[in-house]
Structure formats: structure tokens, C-alpha cells
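Single-structure report; data block below.
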2 protein chains.
Amino acid sequence: MATLSDVARRAGVSPATASRVINGSSKPVTDELRERVLAAVAELQYVPNAHAQLLARSHRSAVGVIVHDVSDPYFAEITRGLQRVATDQGRLLMICNSYRDPDRELEYVELLRGHQVAALILAGSGYHDDAFTRQLNEKLAAYEATGGRVAVIGRHEHSGDAVMPDNRAGGHLAGRELCELGHRAIGVVAGPRILTTTTDRLAGLRQALTEQGRELPERRIRYAEFDRDGGAEATARLLDADPGLTAIVALNDSMAIGALATLRARSLAVPQQVSVVGFDDMPIARDVTPALTTVRLPLVDMGVRAMSLVLGAGTPAPRVEVLPAELIRRDTAGPVPAQRRETADTVPRARRADAAS
Amino acid sequence: MATLSDVARRAGVSPATASRVINGSSKPVTDELRERVLAAVAELQYVPNAHAQLLARSHRSAVGVIVHDVSDPYFAEITRGLQRVATDQGRLLMICNSYRDPDRELEYVELLRGHQVAALILAGSGYHDDAFTRQLNEKLAAYEATGGRVAVIGRHEHSGDAVMPDNRAGGHLAGRELCELGHRAIGVVAGPRILTTTTDRLAGLRQALTEQGRELPERRIRYAEFDRDGGAEATARLLDADPGLTAIVALNDSMAIGALATLRARSLAVPQQVSVVGFDDMPIARDVTPALTTVRLPLVDMGVRAMSLVLGAGTPAPRVEVLPAELIRRDTAGPVPAQRRETADTVPRARRADAAS
DNA sequence: TCCCTGCGGGAAAGGGCTTTCTCTGCGGTA
DNA sequence: TACCGCAGAGAAAGCCCTTTCCCGCAGGGA
């Protein structure tokens with residue numbers, strides 16, 4: 001690789017001058033030398049060594065981002081928001097996928113710190129795991145102690161700046177909607193128990209049911225991976241255990257799509273026999289058939305805000321921005337079927353079996 | 001940030017010794033010093049400056065990847081394959097989104113070169129743009145001249161290693177299937193004209209129709225963005241111009257989903273009134289209703305191979321691996337409706353209008 | 001004419017790390 | 001006892017840039 005001094009030598013100038021020309025320094029350089037340098041750069045196809053530059057400059061510019069998986073639409077949307085702000089400010093993003101592995105998350109914090117990022121954004125659910133949380137906070141604190149900025153998206157455990165989707169309110173919205181449609185036998189297709197996102201959404205849902213004088217017994221909840229196959233599988237287990245279900249809440253849209261697949265496979269009409277409500281409103285939600293009723297989170301906006309937080313001026317007190325959830329009514333949630341209007345819980349066993357057939 | 005000399009000072013050793021301990025150098029260090037260094041590292045929360053390391057080591061390890069958009073399922077799958085191999089070999093990936101902007105692509109080549117990546121992988125369609133292609137090749141050649149490895153995925157223009165999905169054969173597969181189902185009035189919802197992927201798939205499709213004694217006139221093709229909305233819009237234009245269409249080929253699955261949306265909006269039953277064939281077989285294809293008949297490309301495998309090519313031993317002659325396309329029959333393509341069995345081209349105007357209603 | 005100013009350019013000092021080279025001191029052999 | 005060899009540690013030379021500091025020179029004012 002050609003280096004700066006190669007360029008300088010070829011142009012017959014000092015490395016200092018070459019550097020000034022290349023970086024458009026404020027220090028003036030005569031046109032003649034400038035041209036010679038530029039010509040040398042072109043001839044040698046010179047590209048500055050980014051690492052040497054970063055070492056020489058004190059200025060840190062890149063921003064590190066840790067998500068569970070960029071290719072997951074949830075994170076893809078958040079990332080879009082992050083990118084928008086970063087690009088506007090000429091920042092480079094380093095995006096890392098933790099694939100929901102806490103250890104990998106820890107490793108990436110180190111890695112990004114080593115890469116001298118100016119700020120760090122952790123997006124995605126936290127874990128119910130005290131040991132992990134403590135370790136993470138230690139690392140984050142160490143980073144912040146050296147001037148690094150940190151913001152989290154959708155995580156409680158961090159003490160600094162945070163952007164929080166209102167998962168609990170979203171869960172509540174889904175629950176209330178279904179109650180108002182008359183459903184009583186509601187099953188839940190949930191993500192991993194260890195994720196705070198799962199428990200937050202679940203908590204909101206449970207609260208809504210309780211407010212309506214109903215319950216969400218643990219046997220009506222199935223935990224699985226937060227993806228399509230997890231949703232399909234959890235739905236199957238739910239249905240096997242409780243054929244009388246008239247509604248299913250999936251704790252994200254991918255799982256909802258899996259749920260829809262299982263219902264279709266079992267020839268259960270949606271929403272005539274079983275209603276389904278998803279969560280997140282990812283782009284595909286409107287394109288499945290029937291179009292998915294779901295709880296929308298302002299994903300892009302979450303990204304925008306987190307990045308703004310981290311690139312803007314710091315404040316002594318941590319800022320927490322809670323972004324609201326919104327119910328998007330489409331076609332998968334309908335009134336409870338007539339023959340099941342009574343609560344499945346109180347229906348005699350025999351009739352319940354009937355109703356399921 | 002704590003530096004290596006901070007660690008060394010605290011441990012009462014030289015930076016050289018500290019470095020040896022931290023990197024597990026082959027040079028032996030007594031246990032006592034080793035412990036002192038490790039203790040200092042922990043106390044100071046020391047993380048080596050990655051840029052300084054990269055500068056000092058001659059060894060280059062990271063691999064640069066340029067895709068159109070990682071959050072697009074097509075690239076997400078390819079990236080999964082790339083990651084798999086990279087992770088196995090302990091390589092870090094730097095992934096950049098060009099958002100189908102040729103200039104940005106050029107910039108990223110420079111950027112990644114500046115970051116001293118050991119190899120470069122360009123995934124995604126090439127452009128019918130000679131000036132761009134020349135520039136790109138120049139940059140790539142300069143990079144290769146300094147020992148960089150390059151592989152492309154799905155691009156013709158590069159003279160080196162390449163992994164090529166058989167887009168043409170895939171187009172052919174889609175065309176033949178539709179012909180065998182009796183369709184004659186086939187419309188195409190195509191991606192941007194400037195992309196070689198579009199033209200390759202189109203060429204295969206056209207060839208299949210020609211072989212069956214049919215034609216693919218330009219008026220039956222609509223070019224739009226390679227996404228859901230592009231597909232929806234192009235389908236609408238196609239239908240407006242030619243209501244007698246009995247089949248639509250979408251040149252990728254996102255567009256196919258858009259096509260499905262438009263057909264649903266117009267109450268045209270799929271596949272009873274109109275058949276649809278997609279391309280790529282992205283994961284969601286099986287979950288839309290009706291499930292999408294499409295042409296599968298081994299996306300993950302494409303990524304795996306490209307990365308293996310680039311990390312394996314170089315060969316004097318460039319290697320081109322062509323990966324086959326496969327037709328996945330699901331539920332969106334069916335036999336041509338009875339009343340339209342004759343070709344739309346030969347049906348009198350009046351009857352064509354009837355048929356469309 | 002002399003001095004001061006200011007402009008354009010180069011020399012050189014880092015920035016944080018790796019690695020070669022050098023040095024010290026010890027044990028072992030003749 | 002004298003010498004050799006080697007293990008283990010440190011000194012220092014880079015890696016490739018940026019940027020401060022300094023210098024020479026030309027032009028302008030007194």
C-alpha cells in the first residue's frame with residue numbers, strides 16, 4: 001500500500017504538506033504544490049490508512065451499535081433511524097449482532113471500546129440475569145469514565161440515557177382490545193422468559209386482563225424463540241393444551257406470523273374462530289393475509305432519538321425518553337365467536353371440546 | 001483511556017512485557033510478572049487500542065462487505081453465510097450498505113481499503129453503467145495490487161473471483177412453469193433497468209417464452225424499485241394497461257408481495273384469476289397467503305462460498321462459481337383460467353375486457 | 001535601508017502498540 | 001575458575017499519520 005510519504009516523495013514535498021493538501025487543512029498551500037500532491041495521490045491510488053489517522057487524530061468519530069440481529073425487521077427499523085442521524089452528522093456506524101448472546105454482547109462492548117468509538121448504543125431487550133447486568137454496567141461505566149457516551153434502547157438496566165418503547169402500555173393495549181372484543185380465553189405466545197421485553201409486554205397484558213376482571217394464568221402462556229418458528233411452535237403447544245382459545249397475543253410480529261401459519265395448518269379461521277394480535281408492526285404485518293392487527297412501536301424514531309441523545313450535548317442527569325405504543329387495527333382481531341361468548345374457563349369440558357372442533 | 005504503558009507502569013514492568021502477557025506471545029514471561037500485568041489490566045479496565053494494534057501489526061484480519069442493504073432479506077441471508085465462515089475463522093466483518101447508490105459503493109471501497117481490510121466482498125447486482133464499472137474496477141484492481149483479495153456475488157463486471165446465482169436460469173424456470181400452466185398473457189414486474197440482476201432474470205424469462213413460441217413484449221414489463229411498494233405500483237400499472245393478464249412474474253419476492261397486495265386490493269383471486277411467481281424465496285414467501293411460488297436461490301450458500309473464496313488460498317485464474325436456481329412450487333401459480341385459455345393477444349378486444357371484469 | 005510581519009513550507013514530535021534487538025545474570029560445562 | 005549459552009526482561013525502532021513548532025523569505029512600513 002502506498003503511504004503518505006510515498007505520495008510526498010513523488011510530489012517532491014514534505015509529508016506535512018501532502019497531509020495538508022489531502023485533508024484540506026486550514027493552512028494554505030500554493031496551487032502548484034497542491035496540484036503535484038493531488039496528481040501523486042491519483043497516480044499512486046493513495047488511500048490514507050484509517051487506523052493511522054485515528055491514532056494521530058485525537059478526534060473520535062465512529063459510533064458503535066450493538067443489536068440482536070440487524071436482519072430482524074425490528075432492529076432493521078431501529079438501525080434505519082440510527083443511520084439517518086449518524087449520516088447527517090458524518091458519523092460512521094459500527095454495527096454488531098449479539099444474536100441474543102449476553103457473552104457476545106459483553107465482548108462487543110470491549111471490541112467497540114477498543115475501536116475508540118465516540119459513543120455506544122445498545123439496542124434490544126435486556127436480560128433477567130443479575131450477573132450479566134452487573135458485568136455490563138461495569139464495562140459501560142468504565143467506558144463512560146473515559147468520556148464515552150452510552151445510550152440504550154429498550155433496556156432498563158442502564159443508569160444513563162435511554163429510549164424506552166412503552167412495552168407495558170403496548171401489552172395493555174393488546175389486552176384491552178381483546179377484552180373489548182369479548183375474548184376471555186386468551187393465550188399468549190411469548191418470547192424468551194429471560195428477556196425484559198417479554199416480561200414487560202406480558203405485564204401490561206396481564207394488567208389489562210386483570211382490570212377487566214379476567215386472568216392470565218401461566219398455563220395460557222408459552223415461551224419460545226422470538227421468531228417465526230418459535231411462534232408457530234408455541235401456538236401449537238397452546239392449542240394442544242387448550243383448544244378452547246379464542247384469541248392469541250403474540251409478543252412480536254414474527255411470532256404472530258408463525259401463529260398464523262399454525263392456525264392455517266389447523267384450518268382455524270382468523271379472525272372468525274381465533275383472533276390474533278401481534279406486536280411491533282413490522283412492515284410485513286400489513287401484507288400477510290389477513291392483515292395483522294398489532295401494536296405499533298415507533299421503531300425508526302427510537303433509533304433517531306437514541307442517536308441524537310448520544311451525539312448531542314451530555315446532561316448531568318440521565319434522560320429517559322419513553323415512546324408510546326399504538327394499536328393498529330387490521331384484520332386478525334375480531335369479536336369472539338358467538339358460541340364461545342361465555343368464558344372458556346366456565347364452560348363444561350364437553351362443550352369446550354365441541355367448540356374447538 | 002488507560003494505555004499499555006499505564007498498565008506497564010502499574011505492574012512495574014516494561015510495555016514490552018505487558019504486551020507479551022496481554023497477547024499471549026510465544027515469548028515466555030515469569031508467572032509473577034504475568035500476574036502483576038493481569039492484575040493491572042483488570043484494575044485499569046484496560047482495552048488495547050485496536051487502531052494502534054492494527055498499525056503495529058502487519059497482519060490484516062478484518063473483511064469488508066458491501067451490500068445494498070443488510071436489512072433486505074436477500075442480503076440478510078447472504079450476510080448470514082458470510083458471517084458463518086468469517087466467525088469460524090475469527091474474522092471481523094465490516095458491513096456497509098450502499099443503498100444501491102453506485103457512488104456510495106465507490107466510496108465504501110475506498111473506506112474499507114483505508115481500514116486495511118484483508119479482503120473485500122461486493123454483493124448485489126451490478127449496474128449497466130460503463131463509467132461506473134470502469135471506476136470500480138480500477139479501484140478494485142488497485143486494491144488487489146496491494147495484496148487485497150476481492151470476490152463479488154452476483155456481478156458480472158469483476159474479472160476476479162465470483163459467486164454467481166444463476167439468475168438467467170431462474171428466470172427461465174419461472175417462464176417455463178407459467179407456460180406449462182398455459183399462460184400466455186404474462187406480465188413482468190421488474191426491478192430497476194440499470195441492474196444486471198433485472199436484465200439477467202428478464203433474459204431468462206424471455207428465452208423461456210420464446211422457446212414456447214410466445215413473446216415478452218416490452219409493454220408487458222414494468223420497471224420499479226426492487227421492493228414491496230415498487231412491486232405494488234408496477235403491478236397496478238401493468239393491470240391498468242393490460243387487464244387481460246393471467247400471470248405476473250415479479251423479479252424478486254418483495255415485489256411479489258407488493259403484487260399480491262395490489263391484486264388483493266383489486267379483488268383478483270390468486271391463483272384462480274391471476275398467477276404470481278416470485279424470485280429469491282425469502283423466508284416470508286411461505287408465510288404469505290397464498291404461499292408464494294417462487295424461484296429459490298441458495299443465498300446463504302452464496303455467502304459461504306464467497307467468503308471461503310476470499311479467505312482461502314488465491315489462485316492465478318479467477319474462479320467463478322455458478323449456483324443453481326430452483327423452482328419452489330407453492331400456491332400462487334395455477335393453471336390459466338378456462339375462459340382465458342386462448343392467448344390474450346389473439347382474443348378480441350371485447351372479450352378481453354369481459355375476462356378482466 | 002532596516003525591521004517587522006506574515007505567509008508558505010518543512011522538521012519533528014507524538015499517538016499506542018508490536019517486535020526485534022540488546023542486555024543482564026544465571027547455570028552448566030571444560 | 002573461566003567461559004559459553006540461554007532465559008527473561010527491557011530499550012528502542014518502527015507502523016502511518018496529524019499537527020505543532022519553527023524557519024526562511026518576501027513585502028511593506030518607517
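Proteins come first, then strands; the chains are lettered A, B, ... in the order of their sequence lines, and each starts at number 1. Since we're looking at a predicted model, the values are computed, not measured.
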Starting at [atom1] of [X] and ending at [atom2] of [N], how long is that distance when rounded to a whole Å?
{"X": "B:Leu55", "N": "C:dG14", "atom1": "CG", "atom2": "P", "value": "17 Å"}
{"X": "B:Arg113", "N": "D:dC16", "atom1": "CZ", "atom2": "P", "value": "14 Å"}
{"X": "A:Leu44", "N": "D:dC16", "atom1": "CG", "atom2": "C1'", "value": "15 Å"}
{"X": "A:His115", "N": "C:dG16", "atom1": "NE2", "atom2": "P", "value": "16 Å"}
{"X": "B:Arg60", "N": "D:dC16", "atom1": "CZ", "atom2": "P", "value": "8 Å"}
{"X": "B:Gln116", "N": "D:dC15", "atom1": "CD", "atom2": "C1'", "value": "10 Å"}
{"X": "B:Leu54", "N": "C:dT19", "atom1": "CG", "atom2": "P", "value": "12 Å"}
{"X": "A:His51", "N": "C:dG16", "atom1": "NE2", "atom2": "C1'", "value": "14 Å"}

Does [N] have OP1 or OP2 sitting under 4.0 Å from an N or O in the side chain of [X]?
{"X": "B:Gln53", "N": "C:dT18", "answer": "yes"}
{"X": "A:Asn23", "N": "D:dT18", "answer": "yes"}
{"X": "A:Ser19", "N": "D:dC17", "answer": "no"}
{"X": "B:Tyr46", "N": "C:dC17", "answer": "yes"}

(message) Aromatic contact between B:Tyr99 and B:His68, with the criterion being ring centroids under 6.0 Å apart: yes or no?
(response)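 No, the ring centres sit 6.0 Å or more apart.
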
(request) State plainly whether the residues A:Glu107 and A:Arg104 are in salt-bridge range, i.e. N to O under 4.0 Å. (result)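 Salt bridge: no.
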
(request) Run the salt-bridge test on B:Arg149 and B:Glu144 with the 4.0 Å N-O cut-off and return the result as yes or no. (result) no

(request) Scan residues 2-18 of chain A against DNA chain C and write down, sorted by residue number, each residue with any heavy atom closer than 4.0 Å; if none is found, say none. (result)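 Within this stretch, A:Val13, A:Ser14, A:Ala16, A:Thr17 sit under 4.0 Å of the strand.
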
(message) Measuring from atom CG of B:Asp129 to atom CD of B:Glu157, what distance do you get when rounded to the nearest 0.5 angstrom?
(response) 10.0 Å

(request) Classify the nucleic acid contact of B:Leu33 as base, sugar-phosphate or nothing, counting any heavy atom under 4.0 Å across all strands shown. (result)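 Here B:Leu33 touches the backbone only, sparing every base.
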
(request) Examine the side chains of A:Arg319 and A:Thr315 and answer whether a donor and an acceptor come within less than 3.5 Å of each other. (result)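 The answer is yes; a qualifying pair exists.
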
(request) Scan side-chain atoms only and decide if B:Asp69 and B:Ser71 contain a donor-acceptor pair under the 3.5 Å cut-off. (result)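 Yes, B:Ser71 and B:Asp69 have a side-chain donor paired with an acceptor closer than 3.5 Å.
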
(message) Let me spell it out: for each of A:Arg20 and A:Met1, pick the nucleotide of DNA chain D with the closest heavy atom. Which residue's pick is nearer the 5' end?
(response)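 The 5'-side residue here is A:Met1.
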
(request) Select from B:Ala52 and B:Val29 the residue whose nearest nucleotide in DNA chain D is closer to the 5' end of that strand. (result)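 Its nearest nucleotide being more 5', the pick is B:Val29.
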
(request) Check whether any side-chain N or O of A:Ser5 sits under 3.5 Å from a backbone N or O of A:Ala8 as a donor-acceptor pair, and report yes or no. (result)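 Not at all, since once roles are kept as given, no pair shorter than 3.5 Å links the two residues.
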
